S.K.: 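Mind having a look at this structure? Questions to follow.
Chain letters run A, B, ... following the sequence lines, proteins first and then strands; every chain starts at 1. Everything quoted here is computed from the prediction, not taken from an experiment.
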Amino acid sequence: MTAQEIVDILKQRFPAAVADAAVEGLHPCVAVTPEAWHDVALFLRDDPRVAMNMLRCISGVDLHPEAEIDLFYELIAMRAPGGTARQEPRPPPSADIWQNGGTIAIRVRLPRDNPHVRSVADVWPTADWHEREAFDLLGVTFDGHPDPRRILCPDDWIGHPLRKDYEFPKEYDSIPAAAAGAASSE
Amino acid sequence: MGSILRKVALPIFLIGVAAIMGIAWAPALLCGTVDSMRDDLGTWYKWDLRGERPTLTVGNIRQYLEGSIEGQFAPAAHVRFGHSTAVAFAYVLWPLQFRITRDVLAVVGVVGFVSLFAMFAIWWERKVAARMQSRLGPMRVGGWHGWAQSLADGLKLLQKEDIFIEGADRPLFRMAAYVAFVPALGLFIALPFSAAWIARDLDVGLIFIFAMFGVGVLGVLIAGWASNNKWSMFGAMREACQMISYEIPLGFALLVPIMTVGTLRLTTIGDLQSGGFQTWLAFRNPFLLAAALLFFIAALASCKRAPFDLPEAESELVAGFHTEYSGFRWALFFFAEYAEMFAAGALAAILFFGAWHSPLPAAWGESWRHGPLWQQALHGVVFSGPLWLIGKGIFFVYVQMWLRWTLPRIRLDQVMYACVQVMLPLAMLVLLANTFWEWLVPSRSVLGMAANAVCTAVGAVAVLAIIGISIYGFVNRRRLVGTLVVKHLPGA
Amino acid sequence: MSDTDIHSQREAPPGTAPAAARELRTEEMLVNMGPQHPSTHGVLRLMLRTDGELILEAIPHIGYLHRCAEKIGENVTPVQFVPMTDRLDYLTGMNNNHGFSLAVEKLCGLEVPERGHYIRVIMCELNRIASHLVSFGCYGMDIGAFTPFLYGFREREYILDLFEATCGARLTYNYLTIGGASLDLPEGFVERLAWFLDYFEPKIDEYNNLLSFNYIFIKRTANVGVISAADALAYGLTGPCLRGSGVKWDLRRCVPYEIYDRFEFDIPVGVPGGNAGIPPEVVVGDSWSRYYVRMLEMKQSVRILRQCLKQLAGGEFRAKVPRTLKLPAGEVYLEVEGVRGQLGFLVVGENKPIPRRVKIRGPSFCNLCIVPHVCRQVLLADVPAIVGSIDVVMGEVDR
Amino acid sequence: MSGEVLAFYLLAALAAGSALGCVIATNIVRMAMCLLGTLGAVALLYFLLSANFLAVIQLVVYAGGTLILIVFGIMVTSRTYGEKLKPRTSEALIGTIVVLALFAGLVAILLRAPWTPVAPTEPSNSVAQIGQELLGTYLVPFELASVLLLAVMIGAAYLAQPAKKE
């Protein structure tokens, strides 16, 4: 299943939620509104045509001068042998190799101040840690997350380091930072 | 200084070994001399008897040494001393007839043996492990194959801070190391190195050693409890589970040879096997062979050696019960462990594998036993003597190391399963079968002799295979070790 | 603590323990396993809620090795970031270099010359073997067998020697870079590699005899930590962990990248015990299957390397890359089959030499998140067996 | 004073002191360790009396078995880690009375007993003798005790088995 077909199915099912889609580029991607994202996710997982059974990654991108944050959800459909698949691997596959049933990225655009989106940890359990990471480093709040804590930084860390306007602290827990001001690029 | 030491390292090492052996030999030799003097003087003497005993005077001994009294069995009978030498020796020999002197000597000997053996075994284990893993192990300290590594480690451990954990129960924490170490030491009191080399020839020697194995567990338990560390606690609980369970198959396996020989006195059990390889108890009938195997496995579990090293399983419990120990207190646990390893090996040898006798029948060397000094020494090496028991003990320690560096660790429930569901019924079965065998099949009957022959053949093949593999491995030691190691490391 | 009913307790789903077991239950204990613990492979910290030796819950705490790799990626050029990728999963530096380079090349539309492709495949597969050897050895250690560890490292030394001859480094290579490889293969490399392959291939069987088919080892790992294929997919497991659950999925074959479509190789997966020499205790998706998939993968890597040596082309090894490489606007997400699973890089460019965002999808990070799900109602000794079979490298989890 | 007498007084002091420690210690594991001292000292006293078998059995059964079970049981079940155990005044009072009565009784018996010294004899093979007696003269009580123990074991196994799954 190509990205275009997935986008068509989505547009048909969620005409209001699915905005612009960039299927031709390097990164086939479709934008979904934050409010509809959880329903779309459930549909993407459960619809037999799409059946995106694995969430590969959640990446947050801070678009700093603009007041928005992008979340990219990378999805892939892994089809057990016998499932429908258009894109065949070039060497003739042996009968029991799983096949690629299509990939798509979902872009969810959130406001930079106080970004909120419904958690999809109940759809794909792997989203649990990815969402915690996005919360930790970018400050995106995932509503309904089972364990909304920081994951990489200490629990008492202040700020979200991957934001473009993040100021590195001069000290942490009265330990002076060795490279204060390391945030500035060369 | 260092370079000089390095040059003479091997001679120092060998002289040290010789000196230790000499120190160990001398008291026995001297005590024996004194005893024969008393025999010659017509006084009866027996080791563990209480009551009135005539004592020798210094004058008696001097006369004896000068040759004015003719002795029949005394080694000194073959030597004649001058007057002044005789007087000097007389004063050395005189205290040896008293029990208290001998006890002190025995205690010194046991402590010395255990400490030296532990140091040797730690170094040796590292070498064995290294060889199995294509490494060289300790190569630097002392020069020749890092023989002084254990000494250096001991010095390091002595200098280390004796750390007490916050919240630890200090008196118990201190005591635990001793409670673990003292029984390990104590069991050597009843462990015969040969018929004459025993501190106390108890009529219940076997149970005494068994009891000491059991009491040693308390040290580990207390160590785990007093450390105020959950990992130590886990280790202690595992140790308790494991030891209590494995004492039962261990006891059953011990009962099998006891039933055959009908005594608990270890010296008697040992001397019953003096008739050469085929009279060793393990080869008497198939059930004794099975009992030997069961005993060894259960003893392995009692010594908490791999694959039963759950109490200190470092990939699960950090270091188990001795996680919080440091310095010399930590070393004491290892002294205890290696002492118990040796005791288990020696006990296996005494009960099943001919004790302190060589595979040759002791009867062949009977004339040497009463001959001049050099013949007696040769008799100890060729026919029966402590060297054989120590050798066999070290071999079984080696087997324990071999298993440790080969096998993965068993899980706790599997350890329990192996004990309760496999070892225990098997040990009971072996005991029962041996009962019927001893009852129904006399050893002189055809069946008895055939079983003996088959078991002896199995044993002989095993021994020859081990010797053959060892020689092969030694000859090809450079080839078996990874080429990288040989090329890059010093001492190759 | 009763030892006889452990199995019945393990079979019972949590919360429905039989009445007798509930009555006998003693206090629960919280135990910290790590961050300094011999079998947590670095600085993983597991909070264990235990009832005696029984683990009721294991909660991983990570972040002890967090070095802001992604923040650094936003502040340096891609060429400068390549050395940083070495330090993610420090056992598979080549694969990390490769994944990031591929992502940047895809974003910038760079073409790699023929020889460069082969060098990359050789290095990645060699590094896969090296990393699996460490994993094999460490897993032996987790189960309590010391000796395989040294054997694994002995063989790995040969590979590291090859790497050292190639790029001068033994751990952090910075060798495969944007546009190809930073240096050509040294003289005599092909012969040495061929010798190594001949030497190494029979060793795998030796290790199988020593460890994989050891009775105790099988008893310790078979049917422990079983992950079903559905769970594996839901939790985002990839690599040997996914294949151990019986999912025949390998990016090198299913979504081919680089030149992997030119080679013949099989995808080893976990198979149920009893057939094809697999011990009867084994269940698909258990620790033993995950471990054994790695052993078989080493053989497949040897196969790929042999074909590589046969096909190895001459010519340039690196494309002409502009000194200041401008990343065009837009983003690219690319995954490669790393050693521990699918290693993904999201690179967002904005017409500057420095990317706006570099996101790293570490396979260890995604694989680790199944630990709380699997480490339930298992024994304490099973925790190292499970975590070890998932084979995480904390450098990549914490980034 | 001969060595044996000296040894006797030392061991007796150790046994009594440990027993006292066992009573007045406030930590339950320390009590167990004091018990080890008492049991060990008594075993050594048996050795001193040439009752080797009894001594060794004391070590096996009490020090190596029962005591370990006690400590193990404490570790598994105790929720009083580091807590101090102190008897109430009433308990102490009752205990003192009982102990004093016992002590008085023992002293009375000791004073009344006719102490005739027996000449030390050569110890015979005590193990064999005990075996003969147990399986000869005292066969019935011995077997009864074994049956009782078996019943206890079966009961314990029944109690410990997990509830049957429905």
S.K.: Measure C/V348 against the heavy atoms of chain A and call it side chain, backbone, both or neither at under 4.5 Å.
M.R.: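 The answer is the side chain of C/V348.
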S.K.: So how far is it from A/C29 SG to C/E331 CD, rounded to the nearest 0.5 Å?
M.R.: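 Here the rounded value is 5.5 Å.
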S.K.: Return yes when atom CD1 of A/I175 has more than 12 non-hydrogen atoms of other residues, nucleotides or ligands closer than 6.0 Å, and no otherwise.
M.R.: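 Yes - once you tally the heavy atoms of other residues, nucleotides and ligands closer than 6.0 Å, there are more than 12.
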S.K.: Could you walk me through whether A/L162 and C/R357 pass side chain to side chain contact (heavy atoms under 4.5 Å, CB included), step by step?
M.R.: CA-CA 9 Å; A/L162 274 186; C/R357 176 85 163 95; 3.5 Å; yes
S.K.: Heavy-atom pairs under 4.5 Å with chain A - which of C/D231, C/V247, C/D266 has more of them than the others?
M.R.: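 Heavy-atom pairs under 4.5 Å are most numerous for C/V247.
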S.K.: Do C/C366 and A/H130 pass the side chain to side chain contact (heavy atoms under 4.5 Å, CB included) test, and can you show the C-alpha distance, the side-chain angles, and the key distance before you say yes or no?
M.R.: CA-CA 8 Å; C/C366 302; A/H130 287 291; 3.3 Å; yes
S.K.: Quick one: which of C/G236, C/C369, C/G109 has the most heavy-atom pairs under 4.5 Å with chain A, could you say?
M.R.: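 It is C/C369.
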S.K.: What part of C/I72 is in contact with chain A, defined as an atom under 4.5 angstrom from a non-hydrogen atom: side chain, backbone, both or neither?
M.R.: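 For C/I72, no heavy atom lies under 4.5 Å from chain A.
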S.K.: In terms of heavy-atom pairs under 4.5 Å with chain C, which of A/V123, A/D128, A/D62, A/D147 leads?
M.R.: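 It is A/D62.
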S.K.: So which part of C/I267 gets closer than 4.5 Å to some heavy atom of chain A, the side chain, the backbone, both or neither?
M.R.: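 Side chain of C/I267 only, per the 4.5 Å heavy-atom cut-off to chain A.
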S.K.: Answer whether the closest heavy-atom distance between the side chains of C/H66 and A/L137 falls below 4.5 Å.
M.R.: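 Heavy-atom side-chain distance check passes, below 4.5 Å.
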S.K.: Can you establish whether the number of heavy atoms outside C/K326 located under 6.0 Å from its atom NZ is more than 12?
M.R.: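 No.
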S.K.: Hey, are the side chains of C/Y333 and A/L26 touching, using non-hydrogen atoms and a 4.5 Å cut-off?
M.R.: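 No, their side chains stay 4.5 Å or more apart.
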S.K.: I need the A/C57 SG to C/E335 CD distance, nearest 0.5 Å.
M.R.: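 CD of C/E335 is found 7.5 Å from SG of A/C57.
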S.K.: On a heavy-atom basis, which atom in C/V255 and which in A/N100 lie closest, and how many Å separate them?
M.R.: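 Looking at all heavy atoms of both residues, the closest pair is CG2-ND2, 3.4 Å.
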S.K.: If you look at every heavy atom in C/V332 and A/H27, which pair is closest and at what distance?
M.R.: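 What the structure gives for the nearest pair is CA-CB, 4.3 Å.
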S.K.: Chain C heavy atoms under 4.5 Å from A/N53: which part of the residue, side chain, backbone, both or neither?
M.R.: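 For A/N53, backbone and side chain are both near chain C.
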S.K.: Are A/E74 and C/K359 close enough for a salt bridge, meaning some N to O gap below 4.0 Å?
M.R.: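 No salt bridge links A/E74 with C/K359.
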S.K.: Without swapping roles, check the side chain of C/R356 against the backbone of A/V61 for a donor-acceptor pair under 3.5 Å.
M.R.: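 Checking the backbone N and O of A/V61 against the side chain of C/R356, no donor-acceptor pair under 3.5 Å is found.
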S.K.: Over all heavy atoms of both residues, which pair between C/R399 and A/L152 is shortest? Give the atoms and the distance, please.
M.R.: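 It is NH2-CD1, 4.2 Å.
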S.K.: So how far is it from A/F168 CZ to C/C68 SG, rounded to the nearest 0.5 Å?
M.R.: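 So the gap between those two atoms works out to 5.0 Å.
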S.K.: Can you tell which part of C/Y64 gets under 4.5 Å to a heavy atom of chain A, answering side chain, backbone, both or neither?
M.R.: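 Contact with chain A is absent: no heavy atom of C/Y64 under 4.5 Å.
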S.K.: What part of A/R163 gets closer than 4.5 Å to chain C, counting heavy atoms only: side chain, backbone, both or neither?
M.R.: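 A/R163 touches chain C through backbone heavy atoms alone.
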S.K.: Quick one: CH2 on C/W249 to CZ on A/R79, what's the gap to the nearest 0.5 Å?
M.R.: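 CZ of A/R79 is found 10.0 Å from CH2 of C/W249.
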S.K.: Might you work through the side chain to side chain contact (heavy atoms under 4.5 Å, CB included) test for C/F365 and A/T126, ending with a clear yes or no?
M.R.: CA-CA 10 Å; C/F365 179 81; A/T126 184; over 6 Å; no
S.K.: Which bit of C/E264 is near chain A, if near means a heavy-atom gap under 4.5 Å: side chain, backbone, both or neither?
M.R.: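 No part of it gets close to chain A.
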S.K.: Identify the heavy atoms of C/L346 and A/F72 that sit nearest to each other, and give their distance.
M.R.: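 Reported closest heavy-atom pair: CD2-CD1, 4.3 Å.
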S.K.: Examine whether an atom of A/D70 lies under 4.5 Å from a heavy atom of chain C, and if so say whether it belongs to the side chain, the backbone or both; otherwise answer neither.
M.R.: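 For A/D70, there is no contact with chain C at all, as no heavy atom is under 4.5 Å.
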S.K.: Answer with side chain, backbone, both or neither: which region of A/R150 has an atom nearer than 4.5 Å to a non-hydrogen atom of chain C?
M.R.: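 Neither part.
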S.K.: Pick one of side chain, backbone, both or neither for C/Q342, based on which atoms fall under 4.5 Å of a heavy atom in chain A.
M.R.: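 Side chain only.
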S.K.: Please name the pair of heavy atoms, one in A/P125 and one in C/A234, separated by the smallest distance, quoted to 0.1 Å.
M.R.: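 Closest approach of A/P125 to C/A234, heavy atoms only: CD-O, 3.3 Å.
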S.K.: Roughly how far, to the nearest 0.5 Å, is CG of C/L233 from CG of A/L55?
M.R.: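 That separation rounds to 12.0 Å.
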S.K.: With only heavy atoms counted, which part of C/H373 is less than 4.5 Å from chain A, the side chain, the backbone, both or neither?
M.R.: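 Neither part, no heavy atoms under 4.5 Å.
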S.K.: Checking heavy atoms, do the side chain of A/L63, its backbone, both or neither come under 4.5 Å from chain C?
M.R.: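 Both backbone and side chain.
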S.K.: Under a 4.5 Å heavy-atom cut-off, does chain A meet the side chain of C/I360, its backbone, both or neither?
M.R.: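 Neither part, no heavy atoms under 4.5 Å.
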S.K.: Quick check: closest heavy atoms across C/C254 and A/W98, and the distance to 0.1 Å?
M.R.: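 That would be SG-O, 3.2 Å.
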